[in-house]
**Q** 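Quick one: the structure is below, and I'll ask about it shortly.
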Amino acid sequence: MTQHLDLDQALTEAEPTDTGWWRDAVIYQVYPRSFADGNGDGMGDIPGIRERLPYLRDLGVDAVWLSPFYASPQADAGYDVADYRAIDPMFGTLHDADGLIRDAHRLGLRVIVDLVPNHSSDQHEWFKRALREGPGSALRSRYHFLPGKGENGELPPNDWESVFGGPAWTRAEDGEWFLHLFAPEQPDFNWEHAAVRDEFRSILRFWLDMGVDGFRIDVAHGLVKAEGLPDIGDHEQLKLLGNDVLPFFDQDGVHEIYRSWRLILEEYDGERIGVAEAWTPTVDRTANYLRPDELHQAFNFQYLSTGWDAVALREVIDLSLDAMRPVGAPTTWVLSNHDVVRHLTRLGGGVRRARAASLLMLALPGSAYIYQGEELGLPEVTGLPDEVRQDPAFFRAAGQDGFRDGCRVPMPWTAEGTSYGFGAGGSWLPQPAEWELLSVEAQSGDPDSTLELYRSALAVRRAHAGLGAGTAVEWTEAPAGVLAFRRPGGFACTVNTTGEPVTIQAPGRVLLASAPVEVEPEGVIALPADTTVWWAV
Ligand code: GLC
C-alpha cells in the first residue's frame, strides 16, 4: 500500500508544544471564486465555502486564509477593493461572512482574511471623489496624483512600470496622472497621508471585531514609496512583484506601519496574526517584516521559486531557517497559490513529483500553506480559451506569466454532475474533463490518492507536534540527489529528487510515503525516483 500510516504510533510520539498556534499551523488558502458555489451562478461564494468547511476540518488543516471577498468591481479578482466593510454581492453578505467565521471556529478552524493596503479599486469612494474633485483637492492627496512631464504634461511623472505590464501611471481627464503599480483600476494609496493610515487601522478593527484570527497582507512590501518617486533609470524589466531593490518595494518606511498594526492585533485576545506577502530581494530582508513588534509570518517565496533539486532545496531550507531565527519568527513553506503555476505542473514531474514535494514541505519546521486543489493533485490548466480569461495580467500581456487563470479553475467535488459538484450551475472557468477522476469524491477512501496522502500527512503532523516545531532540521548523510533529515521526536524524512531509484539504508519504519516503497528485511530500500518517505525512527 502506498500510504502506510500508523497513526497510533505517531500519536504516542506526539509532544505538546507551548508555542503560538500559528507557529506550526497548516493554513489552507481558499480562493472564494473557485472553491464552492452555493447559489449556482457559476461563481464560488461564502455560502458555498460554509458548506465545505467540514471538508477542511477533516483534511486536518488549522486555519483557512480567504482571498478577498469584499465589495469590488473585480478588475483583479477582488484585489481591487471598493469597500472593506461590505461583501461583494457575488460572494454573499456580511451576515454570511459572520456565519462563516462562526462555523469555522466551531469546527476548530481559524480564519485569516486578505487585506490589500497598497491600493484600492478605482471605484472606491475616495478615488471616485479624488477624480471628481480635481487637482489640488484633499482626496487626491490620499493617492499619488502628479502632473506629467513634457511640454504639456503628456509624459508620465516617472519611468515606473506596472507589475501587470505597461506604465504604472494613467492620465486622468483633467491632465494629472495617478500611480498604479498594478492595473489602472488599482490606484496606489499614498501612505504618507494620515487618513490612509487611520482608515486601515479602522478596517483592521472592523474585521478583528468580526472575529477573524488574522490578516494576509497583500503586497506588504509596496506601501511606502521612495521619497520624490525617483526614476528607476536603466533597470531590467521587473517581474511580477519584482524581487529587486526598487523605489516602490521594500522601503524601510513600511515597517512603522506594521508596528502600529501589531499593537492593534495585540489589543485582541486569541493571538491574532499578520502574514506578509512581501517579495523582497533576500530572506533576510523578509525577516525584517517579522521582527517581534511587527508581523508574525511571511510567505517564503524563495522556497516556492526553488526547483526540484536536492542541493538547491537544502540550501533554501537552511537559508530560510537561518534568516528567521534572529527575529524569532517561524519559517513558512509554500508551493502553490493563486498567482503562480500550480506546483504539480511547475516542478515538471507530474503528480509523482508534486506528492514528493508536498511531503517534504509538510515535514519542515514552521507553518505551511496549502492552496486549494493541491491536495487533489490538480495540475495547472493550460490552453484556456482567451474569451474566458479574467486575469488582468493576461490582458496587459506582460505580467508574471500572463496566465494566472490556469491555477484558478474551480474545484471538482464530485465525479459527476454539472461543474463536478462545484455548484448547481456551470463554473466561471471551464474544468478539464479529466477532473472527474481528480474530484474529492473520486479520491476519498482511495488509499493511493493524493487527497488521502494529504489527509494522512496532516494527521501525522497534527499527532506529531515535533514536526512543525523548532527552527532547524538535522541533515543526515545521503547519496547525491537525496535529502535526508531528522526531526525531533523520532521522525526522519528522505527525499529522492532524482529520476532513478537510489538504494539507501532505511532509517526506521515507514510512516508514510508519497509512492509505493518496499523495505527489504535487512533494512535496505530502493527509494524510487521522485519519492519522499516519512519514517518513525
Ligand atoms: C498580490 C495578489 C495578486 C494581485 C496583486 C495585486 O500579489 O496575490 O493576486 O494581483 O497582489 O493586488
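Hydrogens, waters and symmetry mates play no part in the numbers below; they use all other heavy atoms, side chains included. Order of appearance sets the numbers: ligands from 1, and atoms from 1 within every ligand.
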**Q** Applying a 4.0 Å heavy-atom criterion (strictly less than), which segment of His180 is in contact with ligand 1: side chain, backbone, both, or neither?
**A**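 The answer is neither.
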**Q** Measure Phe164 to ligand 1 on non-hydrogen atoms and call it side chain, backbone, both or neither using the 4.0 Å cut-off.
**A**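 Near ligand 1, Phe164 shows its side chain, while the N, CA, C and O stay back.
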**Q** Please say which of Phe422, Tyr55, Tyr420 ends up in a ring-ring contact (aromatic ring centres under 6.0 Å, His included) with Trp413.
**A**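 It is Tyr55, the one option of Phe422, Tyr55, Tyr420 that forms the ring-ring contact (aromatic ring centres under 6.0 Å, His included) with Trp413.
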**Q** May I ask you to list the atoms of ligand 1 that are less than 4.0 angstrom from any heavy atom of Glu277?
**A**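 Here the atoms of ligand 1 in question are 1 (C), 7 (O), 8 (O).
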**Q** If the cut-off is 4.0 Å to any non-hydrogen atom of His119, which atoms of ligand 1 fall inside it?
**A**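 So the answer, numbered in order with elements, is 6 (C), 12 (O).
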**Q** Which ligand 1 atoms, with their elements, are less than 4.0 angstrom from a heavy-atom of Arg408?
**A**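 So the atoms of ligand 1 that pass are 9 (O).
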**Q** For the aromatic rings, using the six-membered ring if either is Trp, is the centroid distance between Tyr143 and Phe189 under 6.0 Å?
**A**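 Ring-ring flag for Tyr143/Phe189: true, centres closer than 6.0 Å.
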**Q** Under 3.5 Å, is there a donor-acceptor pair linking the side chains of Asn118 and Asp188?
**A**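 Note: Asn118 and Asp188 side chains meet the donor-acceptor criterion.
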**Q** For ligand 1, which atoms sit closer than 4.0 Å to a heavy atom of Asp76?
**A**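 Ligand 1 atoms under the 4.0 Å threshold to Asp76: 4 (C), 5 (C), 6 (C), 10 (O), 12 (O).
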**Q** Heavy-atom contacts with Arg404 under 4.0 Å: which atoms of ligand 1 show up? List them by number with element.
**A**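 Per the distance check, 3 (C), 4 (C), 9 (O), 10 (O).
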**Q** Assess the pair Trp191 and Phe200: is the distance between their ring centroids shorter than 6.0 Å?
**A**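 Trp191 vs Phe200: aromatic centres under 6.0 Å.
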**Q** According to the interplanar angle, ranging from 0 to 90°, do the rings of Phe35 and Tyr28 count as parallel (below 30°), tilted (30 to 60°) or perpendicular (above 60°)?
**A**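 Perpendicular, since the angle between the ring planes exceeds 60°.
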**Q** For atom 2 (C) of ligand 1, tell me which residue out of Asp391, Asp218, Val163, Val219 has the closest non-hydrogen atom.
**A**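 When every heavy atom of Asp391, Asp218, Val163, Val219 is considered, Asp218 comes closest to atom 2 (C) of ligand 1.
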**Q** Do you know which of Tyr369, Trp279, Trp333 makes ring-ring contact (aromatic ring centres under 6.0 Å, His included) with Phe299?
**A**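 Only one option passes, and that is Tyr369.
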**Q** Here's one to test your reading of the geometry: is the NZ or CZ of Arg33 within 45 degrees of the ring axis of Trp428 and under 6.0 Å from its centre?
**A**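 Yes, a cation-pi geometry holds between Arg33 and Trp428.
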**Q** Which ligand 1 atoms does His338 reach within 4.0 Å, using its non-hydrogen atoms?
**A**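 Those atoms are 2 (C), 3 (C), 8 (O), 9 (O).
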